[in-house]
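For reference, the structure discussed in these notes is given below.
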Amino acid sequence: MGIEQRSNAGARHTPGASPAGAATMRAAVQHRYGPPSVLETSEVGLPLPGPGDVLVRVGAASVHPGDYFVMTGEPYVVRLAYGLRRPRHGIPGRDLAGVVTAIGTDVTTLRPGDAVFGWSTTGTLAEYACVPADNLASVPANLSVVYAAAVPTSALAALQALRKIANVQPGQSVLITGASGGVGSFAVQIAKACGAEVTGVCSTRNVDLVRSLGADHVVDYTRTDFTRSGKRYDVIFDNVEAQTLAAVRRALTPTGTLIPNSGRGGRWLGPLGRIVTARALSGFTRQQLKPFLSVEKRQDLLTLADLLSTGQVTPVIDRTYPLDEAADALRYVAAGHTRGKVVVTM
């Protein structure tokens with residue numbers, strides 16, 4: 001299959017900042033849906049920025065469960081967005097951090113040489129990626145590209161869930177399941193930045209990690225079932241499907257907010273089944289059941305940059321893999337139980 005390229009019409013290059021006249025780059029490529037074994041490292045055409053785009057020399061790209069779903073094409077509902085028979089974009093990955101090497105016309109906010117992080121919809125597990133300038137922000141001075149690459153998708157989901165959906169206020173009690181995972185590790189820190197009293201739920205081996213992130217209380221789910229502890233929370237951000245919605249609601253105050261951000265489901269709809277169920281139940285209770293789909297917005301990325309630069313939020317890196325081992329990175333993410341984020345370096 002061909003790898004989609006953007007036009008170089010209107011692209012502007014700075015002498016010495018372009019990829020030295022290179023016509024190709026190395027990338028993790030898949031020609032069909034399937035397990036991580038479908039990925040291969042190949043030489044592909046170098047993308048060039050069109051109007052509003054920049055070319056980024058990728059330093060690192062993080063991977064998350066959504067990347068695994070897109071790679072495998074399951075649940076099948078993802079194929080409606082990414083290609084019915086095979087992936088529309090042959091290069092997987094969404095998050096990245098790196099250095100701008102060229103800019104297209106109409107780009108005024110970035111220049112070649114700028115260190116940036118953000119997201120792309122045309123693949124990031126490659127040496128270069130073409131990205132709309134509006135999808136990027138400057139890497140905070142206190143952050144390396146590896147740590148910056150860990151931020152976009154997972155931290156944006158946590159930020160939007162807690163600040164925009166739940167509208168967490170100082171003094172509220174917030175419980176976060178999967179508190180040591182990719183989204184959960186950011187959620188603990190963001191909830192603390194909002195002034196909440198935070199409880200994190202995790203396994204025994206991650207108790208110290210979650211406490212180090214700022215959690216006021218940590219529940220070891222191997223020893224305690226938080227749904228039967230008698231404690232009630234104003235907000236529950238549920239990043240795992242360890243309990244039924246009915247069970248989780250027992251730990252919610254009568255007017256509290258539950259945000260389901262998980263659900264394995266079947267091969268066709270995956271997590272959508274749990275989302276639909278939560279929506280339906282919400283009409284019959286004073287409790288607020290608010291499943292959501294995170295939508296990347298540059299303003300939210302800028303908000304995260306501020307939290308990162310002030311040290312209120314720090315990414316947690318579980319493992320890093322070289323590009324040639326991108327399949328292993330996705331295989332590890334799919335197995336679950338990551339401690340923070342998994343990053344692929346170029």
Side-chain angles (χ1 to χ4, degrees), residues 28 35-36 39 58-72 92-98 117-119 124-125 139-140 142-159 161 176-192 198 200-215 218-222 237-242 261-262 264 294 304 307-308 311-346:
L39 288 183
V58 180
S62 64
V63 292
H64 56 90
D67 295 318
Y68 186 83
F69 296 154
V70 173
M71 179 187 66
T72 60
R94 194 171 183 88
D95 298 347
L96 82 163
F117 73 116
W119 70 93
T124 60
L125 293 179
V139 174
N142 61 332
L143 222 57
S144 70
V145 292
V146 170
Y147 279 81
V151 174
T153 295
S154 295
L156 284 169
L159 181 77
I176 297 162
T177 67
S180 60
V183 174
S185 58
F186 285 113
V188 169
Q189 298 175 79
I190 291 170
K192 283 302 296 180
V198 180
V201 181
C202 62
S203 64
T204 305
R205 75 184 185 104
N206 293 320
V207 167
D208 289 341
L209 169 63
V210 173
R211 187 172 288 117
S212 74
L213 296 175
V218 182
V219 175
D220 178 349
Y221 68 74
T222 68
F237 187 24
D238 187 9
N239 293 296
V240 296
E241 194 189 9
N261 186 43
S262 61
R264 291 181 294 274
S294 178
L304 287 170
L307 292 170
L308 292 161
Q312 295 179 81
V313 172
T314 301
V316 175
I317 306 296
D318 185 335
R319 297 185 182 184
T320 61
Y321 293 81
L323 179 61
D324 288 340
E325 297 176 14
D328 291 333
L330 283 161
R331 191 176 290 112
Y332 180 63
V333 167
H337 306 294
T338 61
R339 291 162 56 94
K341 297 291 294 181
V342 175
V343 178
V344 175
T345 58
M346 306 306 151

Inset, instruction - Consider only side-chain N and O atoms of T345 and T320, and report whether a donor and an acceptor are under 3.5 Å apart. - result: no
Legend entry - Under 3.5 Å side-chain donor-acceptor pair for T177 and D238: yes
Legend entry - Residue among L125, T124, V344 satisfying side chain to side chain contact (heavy atoms under 4.5 Å, CB included) with P92: L125
Legend entry - Result of checking V151, L304, D95 against L156 for side chain to side chain contact (heavy atoms under 4.5 Å, CB included): L304
If you measure from [atom1] on [X] to [atom2] on [Y], what distance do you get to the nearest 0.5 Å?
| X | Y | atom1 | atom2 | value |
| --- | --- | --- | --- | --- |
| L39 | D328 | CG | CG | 10.0 Å |
| K192 | Q312 | NZ | CD | 11.5 Å |
| S203 | R339 | OG | CZ | 8.0 Å |
| R211 | C202 | CZ | SG | 8.5 Å |
| I317 | S62 | CD1 | OG | 7.5 Å |
| S185 | D318 | OG | CG | 10.0 Å |

Do the side chains of [Y] and [X] get nearer than 4.5 Å, heavy atoms only?
| X | Y | result |
| --- | --- | --- |
| S294 | T153 | no |
| P315 | L143 | yes |
| V313 | F186 | yes |
| P36 | M71 | yes |
| Y147 | K341 | no |
| V333 | D67 | no |
| Y321 | V343 | no |
| Y332 | V63 | no |

Look at the side chain of [X] and the backbone N and O of [Y], then say whether any donor-acceptor pair between them is shorter than 3.5 Å.
| X | Y | value |
| --- | --- | --- |
| Q189 | T314 | yes |
| R331 | P35 | no |
| N142 | L308 | yes |

[X] to [Y] - nearest heavy-atom pair and separation:
| X | Y | result |
| --- | --- | --- |
| A191 | I176 | CB-CD1, 4.3 Å |
| A158 | I190 | CB-CD1, 3.9 Å |
| A179 | G200 | CB-CA, 3.7 Å |
| A97 | A149 | CB-N, 3.6 Å |
| F117 | A148 | CD1-O, 3.6 Å |
| G178 | V240 | CA-CG1, 4.0 Å |

Inset, instruction - Please report the C-alpha distance between T222 and T204 in whole Å, then the side-chain angles of each, then the deciding distance to 0.1 Å, and finally whether the side chain to side chain donor-acceptor pair (under 3.5 Å) criterion is met. - result: CA-CA 7 Å; T222 68; T204 305; 3.1 Å; yes
